[in-house]
There are 2 protein chains.
Amino acid sequence: MTSTDPHGGGTQTQQRRPTRQRRAVAAALAGFDDFRSAQEIHDLISRQGDSVGLATVYRTLSSLAEAGEVDMLRNEDGEAIWRSCSDTHHHHLVCRTCGATVEVEGPAVERWTNAIAAEHGYADLSHTLEIFGTCPTCR
Amino acid sequence: MTSTDPHGGGTQTQQRRPTRQRRAVAAALAGFDDFRSAQEIHDLISRQGDSVGLATVYRTLSSLAEAGEVDMLRNEDGEAIWRSCSDTHHHHLVCRTCGATVEVEGPAVERWTNAIAAEHGYADLSHTLEIFGTCPTCR
DNA sequence: AGCAATGTTGAGAACCATTGTCAAACTGCG
DNA sequence: CGCAGTTTGACAATGGTTCTCAACATTGCT
């Protein structure tokens, strides 16, 4: 580490350099609004003319996810799928075939999970809820 | 495909033969009440003296899951984890620290997901809902 | 601009959970 | 017992994801 932090800027700045590759990933993410696997995103970038290594796509997506700028969840096969997200808590209705995604909010569900957890004395909650199905177009 | 089905038997009988291996897996499952990976279950069987191939453990767990006799879900790394379960559809409230699990039913949630999906024309549904928190003991 | 320090990339190897292969062993039934 | 259909297991093969590390880009400094 040796983070001398010469300027003493308090909060350690998360240096994220604006590279061609990261811009390409961001651009790709902006180009669709459903969930895609890292490999699909990688292909998409290639098709857009850019060339970015697969490992870099993974790295970038992970760091974006950690920064809360993209949602990452897992499909039924356990594969990670990603997309840029709005910043409110929500869930997804995802098409198993084409990936079409609907963002849904579920105040009822939030309330229900809180009630259940309280009932059992659990605190510091989080939850995951995703719905998979086949969209009208894919049937 | 090529499912010639020579005898043209209507409902294909799901013959599940009671083998030593399947008994061993069932015994292992009975030996714990939290979620374990297939490999952990395989190790557990070995430690119990039995010897069952890893592939067989996977096969057996999958078929048990399909038959609704065990729950299979994925941890944050995308690995499949399993445990025996009651035979009704339910979700889990899992302690983030010690792993203590409470099975919860949520008819309200089921209804909600169905409604949401119908509203958007999605069919052939499935969903995942898991709640994570800190249990009373771990606070 | 030139340079040094350090974060970033990419090609491919490495990992590792999971599934496929197929001959040998086992089960149920006659 | 003997056959037909299942099941098993050792191992290869997959496939997504991460690691490695030398080459490269970016930033800050002079």
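By convention in this document, chain letters (A, B, ...) are assigned in the order of the sequence lines, proteins followed by strands, and residues within each chain are numbered from 1. Note that this is a predicted model, so its numbers are computed, not measured.
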Item to complete: Check the distance between D:dT18's P and B:Asp77's CG and give it to me in whole angstrom.
Response: 9 Å
Worksheet item: For DNA chain D, which residues in residues 34-54 of chain B have a heavy atom at a distance below 4.0 Å?
Response: B:Ser51, B:Val52, B:Gly53
Discussion item. Which residues pass the ring pair (Phe, Tyr, Trp, His ring centres under 6.0 Å) test with B:Phe132, not counting sequence neighbours?
Written reply: none
Worksheet item: So, the side chain of A:Arg96 versus the backbone of B:Asp124: is there a donor-acceptor pair under 3.5 Å, distance only?
Response: yes
Worksheet item: Once you round it to whole Å, what is the distance between C1' of D:dT18 and CD of A:Glu66?
Response: 15 Å
Item to complete: Starting at atom CD of B:Glu79, determine the distance to atom C1' of C:dT19, rounded to an integer number of angstrom.
Response: 16 Å
Discussion item. Using a 3.5 Å distance criterion without hydrogens, assess whether the side chain of A:Arg22 forms a donor-acceptor pair with backbone atoms of A:Arg17.
Written reply: yes
Fill in: Sequence-distant partners of A:His127, ring pair (Phe, Tyr, Trp, His ring centres under 6.0 Å), two or more places apart
A:His89, A:His91
Item to complete: Taking all non-hydrogen atoms of both residues into account, name the closest pair between A:Glu76 and B:Ser126 and its distance.
Response: OE2-OG, 2.6 Å
Item to complete: Return no unless some side-chain N or O of A:Tyr58 is found under 4.0 Å from OP1 or OP2 of D:dT18.
Response: no
Item to complete: Using whole Å, report how far CZ of A:Arg22 lies from P of D:dT27.
Response: 11 Å
Worksheet entry | Terminal axes of the helix from C:dA1-D:dT30 to C:dG30-D:dC1 (five pairs each): angle between them, nearest 10 degrees | 30°
Short N/O separations, protein against nucleotides 12-14 of chain C, under 3.5 angstrom:
none

Fill in: Non-hydrogen side-chain atoms of A:Leu129 and B:Trp112 separated by less than 4.5 Å
yes
Item to complete: May I have the distance from A:Arg59 (atom CZ) to D:dT20 (atom C1'), rounded to whole angstrom?
Response: 10 Å
Discussion item. Tell me whether the side-chain N/O atoms of A:Arg74 come closer than 4.0 Å to OP1 or OP2 in D:dG16.
Written reply: no
Discussion item. Applying the side-chain contact (heavy atoms from CB on, under 4.5 Å) criterion to A:His92, which one of A:Ile131, A:Asp71, A:Ile81, A:Val102 satisfies it?
Written reply: A:Asp71
Discussion item. Closest-nucleotide mapping onto DNA chain C: is A:Thr56 or B:Ala80 further toward the 5' terminus? I mean the 5' end.
Written reply: A:Thr56
Discussion item. At under 4.0 Å between heavy atoms, how does the protein contact nucleotides 25-30 of chain C? Give one character per nucleotide, 5' to 3', with B, S or -.
Written reply: --BS--
